[in-house]
Amino acid sequence: MSSSGRNAVRAARRVVVKIGTNALTNATGRFNRAHFEALGEDLLWAAQGRELVVVSSGAIALGVERLGLPARPKDIPGKQACAAVGQSRLMQAYEEAFGKADRRVAQVLLTHGDVQDRRRYLNVKHALERLIEAGVVPVINENDTVSVDELKFGDNDTLAGLVAGVVEADVLVVLSDVEGLFTADPRKDPNARLLSQVDAVTPELLALAGGSGSLVGTGGMATKIRAAARVTELGVRCLITSGAVPGRLRSVLSGEPVGTLFETSGSRRSARMAWIAHALKPKGKLIVDPGAREAVVTSKRSLLPSGIRLVEGDFGRGDPVDLVDEQGQVFARGLSSYDDGELRKIAGLKSADIESVLGYRYLDEAVHRDDLAVL
């Protein structure tokens, strides 16, 4: 394993730390205050000489505790109520932790709609930049009280990955209940070996991680690896390690060989392409033929109507759509030049025929290459 990646983590000037619920709670699911105090000391240490952003779970767990409930509710209104009660207590805990060194914190609650819309995405970016410039530590969480399925990030691993891209962090540290990525499930296989470094996220690696919830922790290891894949495309290193071990964050930022380090990829997406690829939720699918897939992926060309075989979904002009091959594999995401009804009429036709069919023509392309990100 090369030490250059660990040295780069040690030299990081802007760090996003994601703290999972399981890193904040005890075996019964209650908020572990003693552990949080130790974690707070680590965060204060990390903030010395660095710009720090925290993405924190825990509001629902604190709400369950405050409301005296026997267990975490399973229904959405119940979870939203717990989040509403617990969020202020979570922020109070961070206020007290950082207040020991007279550091200021700011609560930032986001829904996916805040990054789905380009203008709101930029507003979030500028607000976070201003807080960081002022020496404030933003503490970010999903706005669970108002989030519904279409507005949810799904898990805070995804949220942390997006935040790391928005603030252009040097490294994302994911503190979970696991030491990192293993060659097998360590709970079942005593010979499972911790992978110290991953140079590229492959389909085989995702298969190794399993599906959502395959390992203990919010979202499971697969969601953490997907978040790592997203940020490494942006030139942000990602390190997954256990948040249950006191001092572990210090070890990570000191360059010690703990956890699993995901190295950056060779190429780096532009901020806009990253927004299209990872911040947007698709509203439809365009199933395309092999020639169109080859043109988009290999030749970096636009998607023409002639390559479309089937249109799925209900979307408007400028909405995000997934490009899918005939085997059902999503290989790109882009902004549609036409709405779903228009594309259904011109699918399979040459660009020269668009105007005769629709009576007008916006563009020759169904999805222009400037609005297209290969996944």
Side-chain angles (χ1 to χ4, degrees), residues 14 16-18 51-57 59 76 79-80 83-84 87-88 90-91 105-134 136-169 172 219 223 226-227 229-231 233-236 268-284 313-322 332-340 367-368 370-373 375:
R14 180 171 290 187
V16 174
V17 178
K18 184 265 180 176
E51 295 170 333
L52 182 66
V53 177
V54 177
V55 176
S56 180
S57 304
I76 296 299
K79 292 177 182 177
Q80 291 174 324
Q87 184 61 38
S88 60
L90 181 65
M91 284 307 303
V105 298
Q107 173 180 267
V108 180
L109 298 177
L110 299 175
T111 68
H112 202 285
D114 296 318
V115 296
Q116 178 94 350
D117 179 85
R118 183 65 174 169
R119 189 174 355 180
R120 290 165 66 184
Y121 173 94
L122 293 174
N123 286 341
V124 170
K125 179 180 178 66
H126 296 155
L128 290 175
E129 286 291 345
R130 185 61 61 88
L131 288 169
I132 294 169
E133 288 172 5
V136 177
V137 178
V139 179
I140 303 173
N141 196 2
E142 181 160 9
N143 195 347
D144 289 312
T145 302
V146 300
S147 286
V148 291
D149 285 344
E150 61 268 24
L151 294 179
K152 290 183 70 65
F153 292 96
D155 54 81
N156 271 0
D157 298 314
T158 300
L159 173 59
L162 287 169
V163 167
V166 169
V167 301
E168 299 179 16
L172 166 63
T223 64
R226 290 190 184 97
R230 294 181 184 115
V231 300
E233 285 184 355
L234 299 172
V236 181
R268 182 169 182 161
R269 287 192 193 273
S270 69
R272 187 171 186 276
M273 286 299 103
W275 172 71
I276 290 174
H278 303 310
L280 300 183
K281 286 187 175 182
K283 295 187 176 181
D314 181 8
F315 54 88
R317 184 185 178 204
D319 281 342
V321 292
D322 276 347
R333 182 167 299 150
L335 307 180
S336 180
S337 301
Y338 295 88
D339 66 32
D340 63 287
V367 182
H368 194 277
D370 292 342
D371 297 324
L372 192 55
L375 302 180

> If you round to the nearest 0.5 Å, how far is OG of Ser57 from CG of Asp157?
Replying inline: 8.0 Å
> Donor-acceptor pair, Asp340 side chain versus Phe315 backbone, under 3.5 Å?
Replying inline: yes
>> Quick one: does any side-chain atom of Asp371 pair with a main-chain N or O of His368 as donor and acceptor, under 3.5 Å?
In response: no
> Can you name the closest pair of heavy atoms from Val16 and Ala160 and give their distance?
Replying inline: CG1-O, 4.4 Å
>> To the closest 0.5 Å, what do you measure between OG (Ser56) and CD (Gln107)?
In response: 11.0 Å
> Is a donor on one side and an acceptor on the other found under 3.5 Å between the side chain of Lys18 and the backbone of Val55?
Replying inline: no
> Between CG of Asp322 and CG of Leu280, what distance do you get to the nearest 0.5 Å?
Replying inline: 10.0 Å
> How about Asp114 and Asn143: do any of their side-chain heavy atoms sit closer than 4.5 Å?
Replying inline: no
>> Show, in sequence, the C-alpha distance, side-chain angles and deciding distance for Leu128 and Val53, and conclude whether the side chain to side chain contact (heavy atoms under 4.5 Å, CB included) test is met.
In response: CA-CA 9 Å; Leu128 290 175; Val53 177; 5.6 Å; no
>> If you count every heavy atom of other residues, nucleotides or ligands that lies below 6.0 Å from Arg120 atom CZ, does the total exceed 12?
In response: yes
> Should Pro320 and Ile276 count as side-chain neighbours, where that means a heavy-atom distance under 4.5 Å?
Replying inline: no
>> Please check if the number of heavy atoms outside Lys125 that lie under 6.0 Å from its NZ is greater than 12.
In response: yes
> How close do Asp339 and Gly316 get, heavy atom to heavy atom, and via which atoms?
Replying inline: CB-CA, 3.7 Å
> Looking at residues at least two apart in the chain, or sitting in another chain, which of them share a salt bridge (Lys or Arg N to Asp or Glu O under 4.0 Å) with Arg317?
Replying inline: none
